[in-house]
Amino acid sequence: VQLQASGGGLAQSGGHLRLSCVASGTDYSIANAMAWYRQAPGKQRDLVASLGLGGRANYTDSVKGRFTISGDIAKDTVYLQMTSLRPEDTAVYYCNLGRSSTSLGYIPLDYWGQGTLVTVSS
């Protein structure tokens, strides 16, 4: 399985960026969801948003109302539209292939894109 992420860059505070991720070689008997994580310098990698079958989306509280995850799991694509960007959104963003269930939420599998850097200036 390979994931290719793109779309990062430099934005001003209040600006917007759109990230894209395309997967190939997905085993649908294992994976049924995709997600975006981010890792700021010196911090752990955290879940930002996930997208399950049927378009069910979930977000971490800090991005609710500002970020929108979309895509088509069956077509191995996921996007992250980021608006009203803040300096604290600065991080390397990674797409991930995983599993999602109502009871357990999003569970990442060990399939990661290469990361794309988002820098938000104040």
Side-chain angles (χ1 to χ4, degrees):
V1 178
Q2 291 187 327
L3 291 91
Q4 182 70 39
S6 60
L10 176 65
Q12 292 186 333
S13 182
H16 61 275
L17 287 171
R18 185 174 188 250
L19 306 183
S20 301
C21 180
V22 178
S24 59
T26 303
D27 183 347
Y28 292 103
S29 68
I30 299 174
N32 68 353
M34 296 181 76
W36 287 97
Y37 283 72
R38 66 185 179 187
Q39 187 169 20
K43 295 188 177 181
Q44 66 181 19
R45 190 175 298 187
D46 292 324
L47 178 64
V48 176
S50 64
L51 184 68
L53 290 175
R56 183 174 64 248
N58 287 285
Y59 301 91
T60 191
D61 286 346
S62 64
V63 307
K64 285 181 180 177
R66 300 189 299 121
F67 291 10
T68 302
I69 189 170
S70 63
D72 189 335
I73 304 303
K75 296 182 179 180
D76 290 334
T77 57
V78 66
Y79 308 99
L80 188 67
Q81 181 69 46
M82 305 184 293
T83 63
S84 301
L85 283 165
R86 305 167 181 169
E88 54 264 39
D89 295 319
T90 295
V92 177
Y93 284 70
Y94 298 89
C95 58
N96 174 263
L97 198 61
R99 290 195 62 82
S100 180
S101 69
T102 303
S103 58
L104 297 177
Y106 185 82
I107 301 173
L109 300 174
D110 196 20
Y111 302 121
W112 298 92
Q114 81 283 11
T116 184
L117 177 63
V118 171
T119 303
V120 183
S121 62
S122 57

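Quick caveat, the model's predicted, so the values are computed rather than measured.
Listed for the Ser13 side chain is no donor-acceptor partner under 3.5 Å among the backbone atoms of Arg86. Judged by distance alone, with hydrogens and angles left aside, the side-chain atoms of Asn32 form no donor-acceptor pair with the main-chain N or O of Gly52 at under 3.5 Å. Within the 3.5 Å criterion, the main-chain N or O of Ala5 finds a donor-acceptor partner in the side chain of Gln114.
The neighbour count for Asp27 CG, taken as heavy atoms of other residues, nucleotides or ligands under 6.0 Å away, is above 12. Residue Glu88 qualifies as enclosed at atom CD: its count of foreign heavy atoms under 6.0 Å is above 12. The number of heavy atoms from other shown groups lying within 6.0 Å of CD (Gln12) does not exceed 12.
Transitive grouping of hydrophobic side chains (ILVMFWY, heavy atoms separated by less than 4.5 Å) brings Val120 and Leu19 into a common cluster. In terms of hydrophobic clustering, with Ile, Leu, Val, Met, Phe, Trp and Tyr side chains grouped at heavy-atom distances under 4.5 Å, Ile69 and Met82 are assigned to a common cluster. Cluster membership for Tyr59 and Val118, using ILVMFWY side-chain heavy atoms within less than 4.5 angstrom, is shared. Cluster membership for Val78 and Phe67, using ILVMFWY side-chain heavy atoms within less than 4.5 angstrom, is shared. Trp112 and Ile107 are not part of a single hydrophobic cluster, where members link through side-chain heavy atoms under 4.5 Å apart.
The shortest heavy-atom contact between Ala57 and Leu51 is CB-CD1, 4.3 Å. Across all non-hydrogen atoms, the minimal contact from Ala23 to Leu3 is CB-CG, 4.0 Å. Annotation for Leu17 and Leu85: closest pair N-CD1, 3.9 Å, computed over non-hydrogen atoms. Considering all non-hydrogen atoms of both residues, Ala40 and Ala91 come closest at N-CB, 3.8 Å.
Separation of atoms CG (Asn58) and NZ (Lys64) is listed at 8.0 Å; rounding is to 0.5 Å. One distance of note links CG of Asp76 with CD of Gln4; it measures 13.5 Å at 0.5 Å rounding.
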CA sep, side-chain torsions, deciding dist, call: Met34, Ile73, side chain to side chain contact (heavy atoms under 4.5 Å, CB included): CA-CA 7 Å; Met34 296 181 76; Ile73 304 303; 3.7 Å; yes

Using atom types as modelled, flag every donor-acceptor pair under 3.5 Å from a side chain in residues 92-99 to any protein atom, sequence neighbours excluded.
residue : atom : partner : partner atom : Å
Tyr93   : OH   : Arg38   : NH1          : 2.9
Tyr93   : OH   : Asp89   : O            : 2.7
Asn96   : OD1  : Tyr106  : OH           : 2.6
Asn96   : ND2  : Leu109  : O            : 2.9
Asn96   : ND2  : Tyr111  : O            : 3.0
Arg99   : NH1  : Ile30   : O            : 2.6

